[in-house]
Amino acid sequence: GGVVAWHLRKAGQDPVVAARPATAALLSSEGLTLETGGTSQTLAIRATSDATALGPQDLVMVGYKAHDWAGGLDLLRPLIGPETLVVPMLNGIPWWYLDGLDPRFGDTRLAAVDPIGALAAAIPTAQVLGCVVYVGSNRPAPNRIDWNGRKRLILGEPRSAATPRLREVVDLLKAGGIDAEATDNIRSAVWHKLLGNAAFNPISAVTAATIDVIAGDPPLRALAKSIMNECIAVARALGVDDLPDPDQRLQMPPTMVGVKTSMLQDMEAGRSLELGAIVSAICELGRRTQVPTPLLDAIDALAAASWRQRWS
């Protein structure tokens with residue numbers, strides 16, 4: 001979220017960041033700093049913790065991790081009116097994924113990401129643009145972002161092909177310096193990203209291995225490949241066929257050397273792990289489609305247990 005806001009501001013647009021009180025105060029007083037490639041630049045940016053004062057917006061882009069959405073709804077609700085477009089910048093399976101798919105897959109509510117249906121009730125799918133994020137960053141401080149240089153967002157309509165509103169949002173982001181693109185199949189884009197997240201993230205949380213170590217260590221690479229194959233089987237059962245070969249997905253560019261997954265960063269910092277959307281939801285979809293996911297089930301349990309042993 002901070003990377004997107006910084007680039008929009010850099011391009012002369014005027015985004016408003018709605019954040020927790022301490023973060024909003026820092027952003028307002030000190031600005032938003034982006035650090036990349038040994039350089040650092042700070043921009044003044046509008047920020048508030050009082051979403052009610054802002055009122056309903058035309059476009060709300062949300063940078064919550066999947067498991068933070070339920071707790072963050074109170075900040076979002078004042079921003080969402082009947083015409084508001086919401087862009088959840090998420091990893092993993094989003095809560096709206098089954099809405100509009102064949103009813104044979106069961107209830108559209110996914111327990112792994114929306115246990116009591118609060119997200120679906122607060123944000124109708126008709127007001128959502130799906131978004132797949134290719135941005136590497138972490139926050140050394142609430143108003144400072146360490147960024148790897150990627151700023152790619154793939155956006156699509158959950159229940160239709162491209163629409164004028166989708167093109168308008170993509171054009172807005174492009175004008176703001178974001179590498180935004182539209183897709184007619186946002187669910188396929190979700191799985192393309194998820195193949196890596198579902199394999200690398202939980203393995204890294206259990207082993208503390210960086211992405212290049214997982215891809216380069218024969219036993220860990222074999223485990224990651226088998227997890228990807230389970231993901232592909234579930235995706236195909238849901239009608240998504242155009243997925244990359246796991247061996248291709250496991251090819252690591254030099255820029256990935258030493259890179260920690262976001263889940264490993266969360267494990268080391270004692271933050272909750274994003275297992276629900278990245279792993280548990282795939283297992284749930286596997287049960288719904290009668291596709292076995294034994295390795296995903298196992299790594300889900302192991303990563304959760306590792307976190308409890310370390311931080312509970």
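- Among Arg152, Arg167, Lys174, the one residue that satisfies the salt bridge (charged side-chain N to carboxylate O under 4.0 Å, His left out) test with Glu181 is Arg152.
- Considering every non-hydrogen atom in both Asp14 and Arg46, the closest pair reads OD2-NH2, 3.1 Å.
- Taking the six-membered ring for Trp and thresholds of 30 and 60 degrees, Trp69 and Tyr64 have ring planes more than 60 degrees apart, a perpendicular arrangement.
- Using a distance-only test at 3.5 Å, with no hydrogens or angles considered, a donor-acceptor pair links the side chain of Arg9 to the main chain of Ala44.
- Inspection of the Thr210 and Asp212 side chains reveals an N or O donor paired with an N or O acceptor under 3.5 Å.
- The closest side-chain heavy-atom distance from Arg150 to Asp179 is not below 4.5 Å.
- Of all the heavy atoms in Ala162 and Asp184, the pair that sits closest is N-OD1, 3.0 Å.
- Screening residues 3-24 for ring-ring contact (aromatic ring centres under 6.0 Å, His included), with sequence neighbours left out, gives His7-Trp147.
- Side-chain contact between Met228 and Leu243: absent, with no pair of heavy atoms (C-beta onward) separated by less than 4.5 Å.
- Formation of a donor-acceptor pair under 3.5 Å by the Lys151 side chain with backbone atoms of Val3 is not found in this model.
- With a 4.5 Å cut-off on side-chain heavy atoms, Pro124 and Trp96 do not count as touching.
- Judged as a side chain to side chain contact (heavy atoms under 4.5 Å, CB included), and not counting sequence neighbours, the contacts of Thr39 are Thr36.
- Applying the side chain to side chain contact (heavy atoms under 4.5 Å, CB included) criterion to Ser160, with sequence neighbours excluded, gives Glu157, Thr163.
- With Trp95 contributing its side chain and Ala66 its backbone, the two residues share no donor-acceptor pair below 3.5 Å.
- Formation of a donor-acceptor pair under 3.5 Å by the Glu274 side chain with backbone atoms of Lys65 is not found in this model.
- Minimum heavy-atom separation, Met89 to Gly1: CE-CA, 3.8 Å.
- For residues 105-120, the pairs satisfying salt bridge (charged side-chain N to carboxylate O under 4.0 Å, His left out) are Asp107-Arg109, with sequence neighbours left out.
- Taking all atoms of both residues into account, the shortest heavy-atom contact from Val170 to Leu155 is CG2-CD1, 4.1 Å.
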Problem set entry | From CA spacing to verdict: side chain to side chain contact (heavy atoms under 4.5 Å, CB included), Val113, Tyr97 | CA-CA 10 Å; Val113 291; Tyr97 188 91; over 6 Å; no
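- Checked by atom type and distance alone, the side chain of Gln251 pairs as donor or acceptor with a backbone atom of Asp247 at under 3.5 Å.
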Please tabulate, one pair per line, all N/O donor-acceptor pairs under 3.5 Å involving side-chain atoms of residues 53-63, not counting sequence neighbours.
residue : atom : partner : partner atom : Å
Gln57   : NE2  : Leu54   : O            : 3.3
Gln57   : NE2  : Gly55   : O            : 3.0

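- More than 12 heavy atoms of other residues, nucleotides or ligands shown are found within 6.0 angstrom of CD on Gln265.
- A donor-acceptor pair under 3.5 Å is absent between the side-chain atoms of Thr84 and the main chain of Ile80, judged by distance alone.
- For the pair His192 and Asn185, the minimum side-chain heavy-atom distance is 4.5 Å or more.
- Across every non-hydrogen atom of Asn143 and Gly31, the tightest pair is ND2-O, 3.2 Å.
- With contacts defined as side-chain heavy-atom distances shorter than 4.5 Å, the pair Ile211/Ile214 does not qualify.
- Proximity of Val4 to Leu173: side-chain heavy atoms (C-beta onward) are separated by under 4.5 Å at one or more points.
- For the pair Asp266 and Arg271, the salt-bridge criterion is met [side-chain N within less than 4.0 Å of a carboxylate O].
- Counting only residues at least two apart or in different chains, salt bridge (charged side-chain N to carboxylate O under 4.0 Å, His left out) contacts with residues 187-204 are absent.
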